[in-house]
There are 2 protein chains.
Amino acid sequence: MSESPVSNEPPIYRRIADGLRAAILSGELRDGDRLPGENALMAEYGIARATARQALSVLINEGLAVPKRGSGVYVRRFKPIRRHGSRRLARDQWGRGQAIWDSDTRGRPYTVDGLRVAREPAPDDVAAILAASEIWVRRRRYSVDERPVQLATSYFPADLVEGTPITLPDTGPGGVYARLGDLGQAPAHFTEEVQARMPQPEEVTALELPAGTPVVVVRRTAYTAGGTAVEVNIMTLDAASYVLQYDFDA
Amino acid sequence: MSESPVSNEPPIYRRIADGLRAAILSGELRDGDRLPGENALMAEYGIARATARQALSVLINEGLAVPKRGSGVYVRRFKPIRRHGSRRLARDQWGRGQAIWDSDTRGRPYTVDGLRVAREPAPDDVAAILAASEIWVRRRRYSVDERPVQLATSYFPADLVEGTPITLPDTGPGGVYARLGDLGQAPAHFTEEVQARMPQPEEVTALELPAGTPVVVVRRTAYTAGGTAVEVNIMTLDAASYVLQYDFDA
DNA sequence: AAGTGGTCTAGACCACTTA
DNA sequence: AAGTGGTCTAGACCACTTG
């Protein structure tokens, strides 16, 4: 028994979703608050279970709510990390043996796990940029506040870094950029390309992403003063955890 | 009759979605190709309509497929615009009477519509940055290849721009930045803050976004050489239509 | 006219969380 | 034990697109 099937109104599930969204955006429902569940919506609106689920799925796919099995659907919490694009890579950061990351989290503890270093054949696009068919790859995952927030994969020309600490798990003080400096190939110029899209399943798993969360993909290329590309770093960020900041002059 | 309810395998709808995704990512199914429809999946896997829909909805919400009413579900097409963050705002661009946008589309035709200019009370966050309670607001929508790709809202301190062409629909050669220059308030430094999230319904409508498409929100603040904020510009981009590029030195 | 996706009902069983 | 969300079936009517 659908209410008034001829009318021009949006479907029931959408009207319900609109109401809940308004409550969230207005602050009537706050971070972490529990939304009316499937049973509550069925009773309140006299609809079938599937329709109630559909209404909730709208909010979940918009990233406004998070379902918790056996518990309920809750208003989502946010607290992004500010990531400085230009400032963070200033030479004095890594030139003094500081990890780049330190300038982002402002004291919040972070962890790195899943570090894997390997020599591999280069993917086509990376091979073209680095002008190398064989590369060393460094993969790892970053977490803040116990939650994974970023996957990163760095590529280096094998000929350049072979035998250096860049091929080891521990690259030493200042990290890979300091080591490139040791080789006389210090990065002087960076390009970052930023895209956003919905994640693939492996990314959902690795970053523990709830539905409705995009990822931001940052592809950074590091060039020496001579214009040679010495690193490509592809970072996949939980979009809900980040604000990217770039500063530049006219 | 669910197949083998005890097994540790993913649910049917997810296995079907995984298969279709693999076909898309491998290139077996190409841009614009038609996916097997609900009826085809029901027959092939012996499942109910709702389950087939659920499988397709996974791909749609991932942004990999687009449903077309009465026709089918199709592999999505992409062709992003490259937007240069640093270079595009170099003084010689607007200093010579060129619109900023010209440096992005490289000859692809673009259009602006929905331009509205108004004097309003400032939203709290903007008021704080511009140090002004009253502001002039310029809103407009940009399209490329007949498709809307960006919404933009610019805020200016009312005291500063009152009586200038910035309060008119046509701001003249070089646009608002040239006019700020006329006032002796030329922008010298910019900050862009980049975030990505799922769109709200009004944004879905205004940008004609298919499901599974995030938006990228860029908030740019323009500062004079003296450090005064003279413009806040909030841009909402169709994430599938853009690659943002930033260049900077170590 | 036939096929497609969009919405909805009325059930069912399951795994999980909370009390 | 009760309640919750997760998955699934088997129907139905609709609006829309295509041949």
Side-chain angles (χ1 to χ4, degrees), chain A residues 1-18 20 32-61 64-76 201 204-205 208-212, chain B residues 1-18 20 32-61 64-76 201 204-205 208-212:
Chain A
M1 181 187 324
S2 31
E3 195 56 28
S4 47
V6 201
S7 90
N8 227 350
E9 287 175 345
I12 301 177
Y13 80 92
R14 195 153 274 287
R15 293 210 299 275
I16 298 174
D18 289 347
L20 293 174
D33 278 359
R34 190 170 181 280
L35 267 57
E38 298 174 1
N39 295 334
L41 293 178
M42 290 168 67
E44 183 176 357
Y45 294 93
I47 57 177
R49 175 168 226 96
T51 306
R53 284 182 66 74
Q54 202 174 1
L56 291 170
S57 78
V58 168
L59 301 170
I60 292 167
N61 281 320
L64 295 174
V66 179
K68 281 202 182 6
R69 266 223 178 167
S71 173
V73 180
Y74 298 85
V75 179
R76 185 159 174 184
V204 169
T205 304
E208 297 171 15
L209 299 173
Chain B
M1 179 188 321
S2 33
E3 193 56 27
S4 47
V6 202
S7 89
N8 228 348
E9 288 174 346
I12 300 177
Y13 81 91
R14 196 152 273 286
R15 294 211 299 275
I16 296 174
D18 289 347
L20 292 174
D33 279 359
R34 191 169 180 280
L35 265 59
E38 297 174 0
N39 295 332
L41 292 177
M42 290 168 68
E44 182 177 356
Y45 294 95
I47 56 177
R49 174 167 228 95
T51 308
R53 285 182 64 75
Q54 202 174 3
L56 290 170
S57 79
V58 170
L59 301 171
I60 291 167
N61 281 321
L64 295 173
V66 178
K68 280 201 182 10
R69 266 222 179 175
S71 173
V73 179
Y74 297 85
V75 179
R76 182 158 177 187
V204 169
T205 303
E208 296 171 15
L209 299 174

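Just so we're on the same page: letters track the sequence lines, and every chain starts at 1. Remember, predicted model here, so these are calculated numbers, not experimental data.
Counting heavy atoms from C-beta on, the side chains of A/Val73 and A/Pro36 never come closer than 4.5 Å. Counting heavy atoms from C-beta on, the side chains of A/Ile60 and A/Val66 never come closer than 4.5 Å. Side-chain contact between B/Leu64 and B/Val58 is absent, with no heavy atoms from C-beta onward closer than 4.5 Å.
For residues 34-60 of chain A, every residue pair satisfying the salt bridge (charged side-chain N to carboxylate O under 4.0 Å, His left out) rule, not counting sequence neighbours, is listed here: A/Glu38-A/Arg49, A/Glu38-A/Arg53.
Atom CE in A/Met42 sits roughly 12 Å away from atom C1' in D/dT4 (whole-Å rounding). The distance from atom CG of B/Asn61 to atom P of C/dG6 is 11 Å, rounded to the nearest whole Å. The CD1 atom of B/Ile12 sits 15 Å away from the P atom of C/dC14 (whole-angstrom rounding). One interatomic measurement links the two molecules: CG of A/Leu35 to C1' of D/dT4, which rounds to 14 Å at whole-angstrom precision. One atom, OH of B/Tyr74, and another, P of D/dT17, lie 11 Å apart when rounded to the nearest Å. Per the geometry, CG belonging to A/Leu41 stands 13 Å off C1' belonging to D/dT4, to the nearest Å. Note: NZ (B/Lys68) to C1' (D/dA15) measures 17 Å, nearest angstrom.
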Does the pair A/Val75 and A/Leu59 meet the rule for a side-chain contact (heavy atoms from CB on, under 4.5 Å), with working shown?
-> CA-CA 9 Å; A/Val75 179; A/Leu59 301 170; over 6 Å; no

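Residues A/Gly37 and A/Leu56 come closest through the heavy atom pair C-CD1, 4.3 Å.
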Tabulate atom names and distances for all N/O pairs under 3.5 angstrom spanning the protein and nucleotides 1-3 of chain C.
unit_1, atom_1, unit_2, atom_2, d
C/dG3, N2, B/Gly70, O, 3.0

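Residues meeting the side chain to side chain donor-acceptor pair (under 3.5 Å) test with A/Asp33, sequence neighbours left out: none. Under the rule for a side-chain contact (heavy atoms from CB on, under 4.5 Å), A/Thr205 has no partner lying at least two apart in sequence or in another chain. When the side-chain contact (heavy atoms from CB on, under 4.5 Å) test is applied to A/Ala55, the partners found at least two apart in sequence or on another chain are A/Tyr13, A/Ile16. Annotation: side-chain contact (heavy atoms from CB on, under 4.5 Å) contacts of A/Arg69 (sequence neighbours excluded): none.
For the OP1/OP2 pair of D/dT7 and a distance below 4.0 Å, the side-chain nitrogens and oxygens of B/Tyr13 include at least one atom meeting the criterion.
Using a 4.0 Å cutoff on non-hydrogen atoms, the parts of residues 43-57 of chain A near DNA chain C are A/Gly46, A/Ile47, A/Ala48, A/Arg49, A/Ala50, A/Thr51, A/Gln54, ordered by number.
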Kindly express the pairing pattern of DNA chain D in dot-bracket notation, using | wherever a base pairs with another strand and counting only Watson-Crick or G-U pairs under 3.5 Å.
-> ||||||||||||||||||.

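How far CG of A/Leu41 is from CD of A/Gln54: 12.5 Å, rounded to the nearest 0.5 Å.
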